[in-house]
Amino acid sequence: MATNKVRTRFAPSPTGYMHVGKLRTALYAYLKAKHEGGTFILRIEDTDQERYVEGAVDIIYNTLRETGLLWDEGPDIGGPVGPYVQSERMHMFKGYAEQLVEKGEAYYCFCDKDRLEEMRLVQKASGQAPHYDGHCRNLSKEEVEAKIASGAPYVIRQKVPQTGTTSFEDVVFGHIEVDNSTLDDQILIKADGMPTYNFANVVDDHLMGITHVIRGSEYLSSTPKYNLLYKAFGWDIPTYIHCPPVMKDAQNKLSKRNGDASYQDLVAKGYLTEAVLNYILLLGWSPKGEREIFSLDEMVEIFDEHGIGKAPAIFDPLKLRAINAAYIRALSPEAFAEKAAPYIDAAVKTDCDRKLLCSVLQQRCEVLSDIPEQIDFIDEMPEYDLELFRSKKMKTTPETAKEALEAALPVLEGIGDFTQENIHEALFALIAEKGVKNGWMLWPLRVAVSGKQFTPGGGIELSAILGKQRALDRIRAAIARLA
RNA sequence: GGCCCGAUGGUCAAGAGGUCAAGACAUCGCCCUUUCACGGCGGUAACCCGGGUUCGAUUCCCGGUCGGGUCACCA
């Protein structure tokens with residue numbers, strides 16, 4: 001493709017699981033493209049039929065759509081360089097490999113698995129790294145033709161130079177150089193005529209005009225072989241941006257196998273999509289200034305791949321929580337109410353002041369899934385220890401609590417419209433009249449209506465949320481217990 | 001094991017040949033407050049080790065240690 005515009009791609013294999021590192025790669029590829037006014041491409045690498053997982057492609061689509069990483073070209077919407085599903089491109093690779101054979105950059109290999117296995121055993125025994133020994137590297141044209149004609153199975157291997165070095169510049173890791181002698185004559189086309197991943201990848205990236213290859217650092221060591229392929233074809237080498245892995249701890253990568261959270265898991269746990277994306281942005285990349293909360297549009301604006309660090313980053317759930325809390329607080333009351341509704345419904349079946357409940361909750365929850373546990377006292381009064389009435393700071397004891405509640409009860413009974421404002425007004429009048437501290441009166445109230453040590457909101461708010469009948473019943477019950 | 005890569009507080013991280021070595025999360029303390037939270041203020045806490053280059057290295061070079069990646073007819 002003749003274009004100088006930036007084209008990046010996200011090329012996941014559909015494994016049914018969008019882990020955090022994968023999402024981050026997608027994010028960076030998207031941001032790079034959009035920042036440059038370029039094109040973001042989605043390509044599904046589904047050539048491994050054995051690993052095929054039902055619904056996996058949908059998970060990829062849904063995750064990208066939910067997070068707003070919308071692609072400009074892809075399997076569902078097409079584009080000028082399709083198809084965008086690798087399994088539909090299978091027929092186009094063998095011809096390219098044959099071109100390489102023609103040029104002397106690749107060769108047919110007839111070695112069977114038994115021979116290769118034996119070869120490796122010998123190499124291992126003698127302390128060598130396993131590698132193809134070049135057995136078929138120099139077969140004559142006639143020999144090759146005869147074998148093919150006889151129907152012998154074969155693969156096509158890349159002919160890697162045996163001397164010299166190959167080097168490239170990675171945006172993140174800088175200059176990387178390896179001896180060609182450490183590179184293997186990798187297989188390009190398998191015996192079934194299908195390409196290996198590495199070969200398909202190079203050809204696809206070229207055919208799709210990819211200018212910036214953004215992927216995990218696990219590909220760093222195979223990149224020299226990729227480049228040799230590009231050179232063999234005479235194609236332009238893309239700019240490489242290798243991203244270090246996202247770790248669970250210092251030793252282990254975040255992975256499905258370890259049962260670590262995927263994007264879907266995090267959302268199911270009550271994290272907001274935007275918060276997850278924002279946190280992932282910061283995992284291994286740092287912005288110029290000190291701000292760290294960004295919308296997707298702002299990320300596009302400020303993203304610079306030079307800010308990507310080289311060291312693996314450990315995923316910190318606590319930091320994610322903090323960022324999620326910031327996002328929850330920034331939500332409009334309506335948006336929060338909508339998102340919180342399912343969590344509230346799970347814990348509360350009875351009537352209560354939902355609006356007020358939401359307004360207290362929004363300031364006091366960090367993750368939506370905190371909600372049910374925070375409000376489990378609404379439907380049913382929990383058992384509680386009378387010692388909860390004791391607070392050193394508030395100077396309250398079970399005894400003073402009884403006194404406070406007994407004073408508050410008639411005042412509350414006299415309120416017609418049991419709103420937060422009215423309760424506040426009445427109780428503060430009482431507090432003034434008695435000349436006591438706010439906490440002396442309100443701490444017992446909070447405990448009496450909730451039975452909990454920690455609650456979202458204070459006694460006045462909780463009373464209003466519960467409604468007059470229930471609040472008063474609970475206060476009376478508390479007084480009875482304190483008697 | 002060979003090859004490649006990495007290392008700044010507990011975590012994410014900025015940073016430059018000379019800095020009191022940013023900031024955020026966590027943690028601790030104080031203030032505010034109707035508990036916790038929110039908000040405000042402040043504190044504790046870091047340059048992996050050994051050589052070299054240099055007037056001076058955490059920063060540059062070499063070695064080591066530790067960690068990661070990669071060495072398939074998997075992707």
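By convention in this document, chain letters (A, B, ...) are assigned in the order of the sequence lines, proteins followed by strands, and residues within each chain are numbered from 1.
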Enquirer: Counting only side-chain heavy atoms from C-beta out, which of C4(B), A75(B), C5(B) sits nearest to Phe173(A)?
Expert: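 Of the candidates, C5(B) comes closest.
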
Enquirer: Taking for each residue the nucleotide of RNA chain B bearing the nearest heavy atom, is the 5' side occupied by Trp285(A) or by Pro130(A)?
Expert: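 Result: Trp285(A).
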
Enquirer: Mind checking the C1' distance from U59(B) to G15(B)? Whole angstroms is fine.
Expert: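 Their C1' atoms lie roughly 9 Å apart.
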
Enquirer: I need the CD-P distance between Glu366(A) and C38(B), as an integer number of Å.
Expert: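 One finds 7 Å between P of C38(B) and CD of Glu366(A), rounded.
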
Enquirer: Of all the nucleotides listed (U34(B), G69(B), A72(B)), which has the minimum atom distance to the side chain of Leu442(A)?
Expert: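 Looking only at heavy atoms from C-beta outward on Leu442(A), the closest nucleotide is U34(B).
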
Enquirer: Begin with the C-alpha distance, continue with both residues' side-chain angles, and end with the deciding distance and a verdict on side chain to side chain contact (heavy atoms under 4.5 Å, CB included) for Tyr240(A) and Ile176(A).
Expert: CA-CA 11 Å; Tyr240(A) 290 105; Ile176(A) 306 240; over 6 Å; no

Enquirer: Please measure how far the P atom in C61(B) lies from the corresponding atom in A7(B), and state the result in whole Å.
Expert: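 The answer is 12 Å between these two P atoms.
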
Enquirer: Looking at U27(B), which nucleotide sits across from it as a Watson-Crick or G-U wobble partner, both distances under 3.5 angstrom, or is there none?
Expert: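 G43(B) is the nucleotide pairing with U27(B).
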
Enquirer: With heavy atoms under 4.0 Å as the rule, sort Arg215(A) into base, sugar-phosphate or nothing.
Expert: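 Result for Arg215(A) = nothing.
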
Enquirer: Exactly one of Arg321(A), Lys319(A), Lys269(A) should register a salt bridge (Lys or Arg N to Asp or Glu O under 4.0 Å) with Glu366(A). Which one does?
Expert: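 The option that passes is Arg321(A).
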
Enquirer: Have a look at Gly216(A) and say if it touches a base, only the backbone sugar-phosphate, or nothing, with a 4.0 Å heavy-atom cut-off.
Expert: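 Contact class for Gly216(A): none.
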
Enquirer: Give a yes or no on whether a salt bridge exists between Asp184(A) and Arg157(A), defined as a side-chain N under 4.0 angstrom from a carboxylate O.
Expert: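 Salt bridge: no.
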
Enquirer: Give one of base, sugar-phosphate or nothing for Met394(A), where a contact means two heavy atoms less than 4.0 Å apart.
Expert: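 The residue Met394(A) makes sugar-phosphate contact but no base contact.
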
Enquirer: Side chain of Ala129(A) only, please: which of U35(B), G1(B), U33(B) is the nearest?
Expert: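 My answer, after comparing the listed nucleotides, is G1(B).
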
Enquirer: In terms of side-chain heavy atoms of Arg157(A), which of C73(B), U33(B), U35(B) is nearest?
Expert: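 Taking heavy atoms from C-beta onward, the closest nucleotide is C73(B).
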
Enquirer: Have a look at Val155(A) and tell me which of Cys111(A), Cys136(A), Cys109(A) forms a side-chain contact (heavy atoms from CB on, under 4.5 Å) with it.
Expert: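 In the set Cys111(A), Cys136(A), Cys109(A), the residue that makes a side-chain contact (heavy atoms from CB on, under 4.5 Å) with Val155(A) is Cys109(A).
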
Enquirer: Mind checking if Phe168(A) touches a base, just sugar-phosphate, or nothing, with heavy atoms under 4.0 Å?
Expert: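 The residue Phe168(A) makes no contact with any strand.
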
Enquirer: For a quick check of understanding: with a heavy-atom distance under 4.0 Å over all strands, which category does Cys111(A) fall into, base, sugar-phosphate or nothing?
Expert: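 Base contact - Cys111(A) has a heavy atom under 4.0 Å of at least one base atom.
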
Enquirer: Rounded to whole Å, please give me the gap between NE2 in His175(A) and C1' in G6(B).
Expert: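 Answer to the nearest Å: 17 Å.
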
Enquirer: Quick check on G39(B): is either OP1 or OP2 less than 4.0 Å from any side-chain nitrogen or oxygen of Arg329(A)?
Expert: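 Indeed, a polar side-chain atom of Arg329(A) lies that close.
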
Enquirer: Would you classify Lys288(A) as touching base, sugar-phosphate or nothing, given that sugar-phosphate means primed atoms plus P, OP1 and OP2, and contacts are heavy atoms under 4.0 Å?
Expert: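 Touches nothing.
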
Enquirer: In the structure shown, which nucleotide is the Watson-Crick or G-U wobble counterpart of A7(B), with both distances under 3.5 Å?
Expert: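 Its partner is U65(B).
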
Enquirer: Both distances below 3.5 Å, Watson-Crick or wobble geometry, any strand: find the nucleotide opposite A22(B).
Expert: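 Partner of A22(B): none.
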
Enquirer: Measure the distance from CD on Glu292(A) to P on C25(B) and round it to the nearest whole Å.
Expert: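 Roughly 7 Å, once rounded to whole Å.
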
Enquirer: Of all the choices, A13(B), C73(B), C12(B), which nucleotide is nearest to the side chain of Ser286(A) once you look at every atom?
Expert: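 For the Ser286(A) side chain, the nearest candidate turns out to be A13(B).
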
Enquirer: Among C5(B), A75(B), A72(B), which nucleotide has an atom closest to any side-chain atom of Glu45(A)?
Expert: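 Selected nucleotide (nearest to the side chain): A75(B).
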
Enquirer: Is there a Watson-Crick or G-U wobble partner for C73(B) with both distances under 3.5 Å, and if so, which one is it?
Expert: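 Partner of C73(B): none found under 3.5 Å.
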
Enquirer: Would you please confirm or rule out a distance under 4.0 Å between OP1 or OP2 of G6(B) and any side-chain N or O of Lys310(A)?
Expert: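 Looking at the OP1 and OP2 atoms of G6(B), one of them is under 4.0 Å from a side-chain N or O of Lys310(A).
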
Enquirer: Could you check whether Gly439(A) gets within reach of a base, just the sugar-phosphate, or nothing at all, counting any heavy atom under 4.0 Å?
Expert: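 No contact.
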
Enquirer: Between C5(B), C25(B), G39(B), which nucleotide has the shortest distance from any of its atoms to the side chain of Asp316(A)?
Expert: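 The answer is C25(B), which lies nearest to the side chain.
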
Enquirer: Strictly below 4.0 Å, N to O, side chains only: are Asp185(A) and Lys159(A) in salt-bridge contact?
Expert: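 Result for this pair is no, no salt bridge flagged.
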
Enquirer: Is Gln186(A) touching bases, backbone alone, or none of the nucleic acid, heavy atoms closer than 4.0 Å?
Expert: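 No contact.
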
Enquirer: Determine the interatomic distance between C1' on U53(B) and the same-named atom on A72(B); round to the nearest Å.
Expert: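 Pairwise C1' distance, U53(B) against A72(B), rounds to 45 Å.
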
Enquirer: Just compare A24(B), C73(B), C5(B) and give me whichever is closest to any side-chain atom of Ile176(A).
Expert: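 So the nucleotide nearest the side chain must be C5(B).
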
Enquirer: Within the 4.5 Å heavy-atom criterion, are Gln158(A) and Ile187(A) side-chain neighbours or not?
Expert: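 They are not in side-chain contact.
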
Enquirer: What integer number of Å spans the C1' atoms of G23(B) and C32(B)?
Expert: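 About 25 Å, rounded to a whole number of Å.
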
Enquirer: Check this for me: does any side-chain nitrogen of one of Lys94(A) and Asp192(A) sit under 4.0 Å from a carboxylate oxygen of the other?
Expert: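 No salt bridge links Lys94(A) with Asp192(A).
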
Enquirer: Write down the distance separating the C1' atoms in A13(B) and G9(B), rounded off to the nearest Å.
Expert: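 Per the computed distance, 11 Å lies between those C1' atoms.
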
Enquirer: Could you go step by step and tell me if Lys288(A) and Asp304(A) meet the salt bridge (Lys or Arg N to Asp or Glu O under 4.0 Å) rule?
Expert: CA-CA 9 Å; Lys288(A) 286 275 187 289; Asp304(A) 173 4; 3.7 Å; yes

Enquirer: To the side chain of Leu318(A), which of G68(B), A26(B), C12(B) is closest?
Expert: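 Selected nucleotide: A26(B).
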
Enquirer: Once you round it to whole Å, what is the distance between P of C71(B) and CE of Met119(A)?
Expert: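 Value for this atom pair: 15 Å.
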
Enquirer: Within the modelled atom types, does a donor on one side and an acceptor on the other bring the side chain of Lys437(A) and the base of U34(B) under 3.5 Å apart?
Expert: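 Checked by distance alone, the answer is no.
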
Enquirer: Ignoring backbone atoms, test whether Lys190(A) places a side-chain nitrogen or oxygen under 4.0 Å from the OP1 or OP2 oxygen of C74(B).
Expert: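 Indeed, a polar side-chain atom of Lys190(A) lies that close.
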
Enquirer: Taking the minimum atom-to-atom distance to the side chain of Gln251(A), which one of U35(B), A24(B), G68(B) wins?
Expert: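 So the side chain of Gln251(A) is nearest to G68(B).
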
Enquirer: Between Phe454(A) and Asp179(A), name the one whose nearest nucleotide on RNA chain B is closer to the 5' end.
Expert: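 Here Asp179(A) is the residue nearer the 5' end.
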
